[in-house]
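Only one structure is covered here, and it is reproduced in the block below.
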Protein chains: 2
Amino acid sequence: MARTQGSHSDITGPKVRETALRLFAQHGYAAVSMRQIAREVGVQVGALYNYTPDKQALLFSLLKGHMDELLATWEAEPRPDGPRDRLEAFVRFHIRFNLDRPEAIFISYMELRNLAPENFAVIEAQRKVYEGALEAILRDGQAADAFSVPDTRLASYALIAMLTGVNTWYRAGGRLSIEEVADIYWDMVRKSVSAG
Amino acid sequence: MARTQGSHSDITGPKVRETALRLFAQHGYAAVSMRQIAREVGVQVGALYNYTPDKQALLFSLLKGHMDELLATWEAEPRPDGPRDRLEAFVRFHIRFNLDRPEAIFISYMELRNLAPENFAVIEAQRKVYEGALEAILRDGQAADAFSVPDTRLASYALIAMLTGVNTWYRAGGRLSIEEVADIYWDMVRKSVSAG
DNA sequence: CCTTGTTCTGAACGCATGTTCAGTTAATCT
DNA sequence: AGATTAACTGAACATGCGTTCAGAACAAGG
């Protein structure tokens, strides 16, 4: 046997990526085999290599695609005036974006160490750009006396961790909507950087 | 060849655990082989099985030991009066404890999914006990009007994530001491649960 | 010194891994 | 309809995996 009925790269290609994303998120990159991905896609393992040069490139491509989307979406967001509203926009964007694609978020935090060094450097640089946006907001707010944040670098780490943590417990269909969650987190963030 | 000079279980045993902890933290459980552990310990792979029935038990033993220590140490901590001081004690304890053993903390968050289901249940229950202590503090503080935290469950998740995130960036010998870091985090936590 | 028990080696087991490739079939183009 | 290209199969490759075990070398106790 060989090429199967209805087979097409426009279908199989995305399917490979979706399946890999799901399995990597579920079991971890190292614990997932190419054969396992192939089985769930519905092809033989050799066929996967029409869509990725190797397993490592598949992981990198998923992470890179995710980071590109993150940065592009953030760039396209409306940019309110004033540090307070800007911070609120960041908080709500981050929570919404994260909860909309939990698997991609998950592997982009968990599988960094499974990236080859040169791939890691690329993703890490993109993450720094994104997190730098938050720190810039804090710095501006501090300079304008809108916030009380002596160490903006550290505060940005603290807030990012807090916001990203939402993915560890939130499940769609729970008792809170994404908007309600964002409200509560924004309230805590707002107070944490206030003069208090 | 067989038993080597100076070999003793009091030496090799801990060495196996330390090495496994370090390698699991560095590369992930699934990516580390028993042969790799053996090589760094300085024995042949078969010798490892004098110290663990299998690889899974080694991971579980490390996580279990860590959680036992966490709970025992927290129980032994002084328990100040009043929600405010109690929260401060928790924050400072958590940061200090985490920064003192970054590798154990790291794998206890990253390798949960590599635990067999029955092992996972044990660790998860212990973690709930620990995180429950934070939520209890928040609940008491809310009841006593010391805090303004409408959703104590969610707030406990948010704070735990924020505090645990310190391990992702803190490196010993950096520009801030552990005490200084704890001061800054406590300031943010205090404000985030205040009436603001 | 000799025995007993501990600790380790070296080799093997069966199986899974990532990757390659010649050959085959389906889809597409002329 | 025939030729060409795209998509996939099935099998193979070398390597690595977790685990087991008989036997050898060491340490400890009498």
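Throughout, a chain's letter reflects where its sequence line sits, starting with A, and its residues are numbered from 1. Basis for what follows: all heavy atoms, side chains included, without hydrogens, waters or symmetry-related copies.
For A/Thr12, whose side chain is taken as the heavy atoms from C-beta onward, the closest listed nucleotide among D/dA25, D/dG18, D/dC8 is D/dC8.
If you measure from atom NZ of A/Lys55 to atom C1' of C/dG18, you get 8 Å, rounded to the nearest angstrom. In this structure, the OH atom of A/Tyr49 is 15 Å from the C1' atom of D/dG10, given to the nearest Å. Following rounding to the nearest Å, B/Leu59 (CG) and D/dG18 (P) show an atom-to-atom distance of 13 Å. Spacing between atom CG of A/Asn114 and atom P of C/dG18 amounts to 12 Å, rounded to whole angstrom units. As a whole-Å value, the separation of B/Asp54 CG from D/dT20 C1' is 13 Å.
Ionic pairing of A/Arg96 and A/Asp100 is not present here: no N-O contact between side-chain nitrogen and carboxylate oxygen is shorter than 4.0 angstrom.
Taking a 4.0 Å limit (strictly below) on heavy-atom distances, residues 32-48 of chain B reaches DNA chain C at B/Arg35, B/Val43, B/Gln44, B/Gly46, B/Ala47.
The bend of the helix from C/dC1-D/dG30 to C/dT30-D/dA1, defined by the angle between the axes of its first five and last five pairs, stands at 20° to the nearest 10°.
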Side chain to side chain contact (heavy atoms under 4.5 Å, CB included) assessment of B/Leu21 paired with B/Glu18: CA-CA 5 Å; B/Leu21 178 66; B/Glu18 289 158 21; 5.7 Å; no

Test log, rule side chain to side chain contact (heavy atoms under 4.5 Å, CB included), inputs B/Tyr185 and B/Leu159: CA-CA 10 Å; B/Tyr185 271 83; B/Leu159 294 184; over 6 Å; no

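Other residues, nucleotides and ligands contribute more than 12 heavy atoms inside 6.0 Å of the CZ atom of A/Arg113. Taking a 6.0 Å sphere around NZ of A/Lys191, one finds it holds more than 12 heavy atoms contributed by other residues, nucleotides or ligands. In B/Arg153, the CZ atom is not crowded: 12 or fewer heavy atoms of neighbouring residues, nucleotides or ligands sit closer than 6.0 Å.
The stretch residues 174-184 of chain B participates, sequence neighbours left out, in these side chain to side chain donor-acceptor pair (under 3.5 Å) pairs: A/Asp151-B/Arg175, B/Arg92-B/Asp183, B/Ser177-B/Glu180.
In this view, A/Tyr157 and B/Trp169 satisfy the ring-ring contact (aromatic ring centres under 6.0 Å, His included) rule, not counting sequence neighbours.
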Anything under 3.5 Å between a donor and an acceptor, one on a side chain of residues 36-43 of chain A, the other on a protein residue two or more places apart or in another chain? List them.
unit_1, atom_1, unit_2, atom_2, d
A/Glu40, OE1, A/Arg22, NH1, 3.2
A/Glu40, OE1, A/Arg22, NH2, 3.1

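Taking the six-membered ring where the residue is Trp, A/Tyr130 and A/Trp74 present perpendicular rings, their angle passing 60° and hence far from 30°.
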Can you pull every protein N or O that's under 3.5 Å from an N or O on nucleotides 27-30 of chain C?
unit_1, atom_1, unit_2, atom_2, d
C/dA27, OP1, A/Gly6, N, 2.7

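Ring-centre distance between B/Tyr29 and B/Phe60: not below the 6.0 Å cut-off.
Between B/Tyr51 and C/dC8 there is a side-chain polar atom (N or O) within less than 4.0 angstrom of OP1 or OP2. Distances shorter than 4.0 Å separate none of the side-chain N or O atoms of B/Ser9 from OP1 or OP2 on C/dT6.
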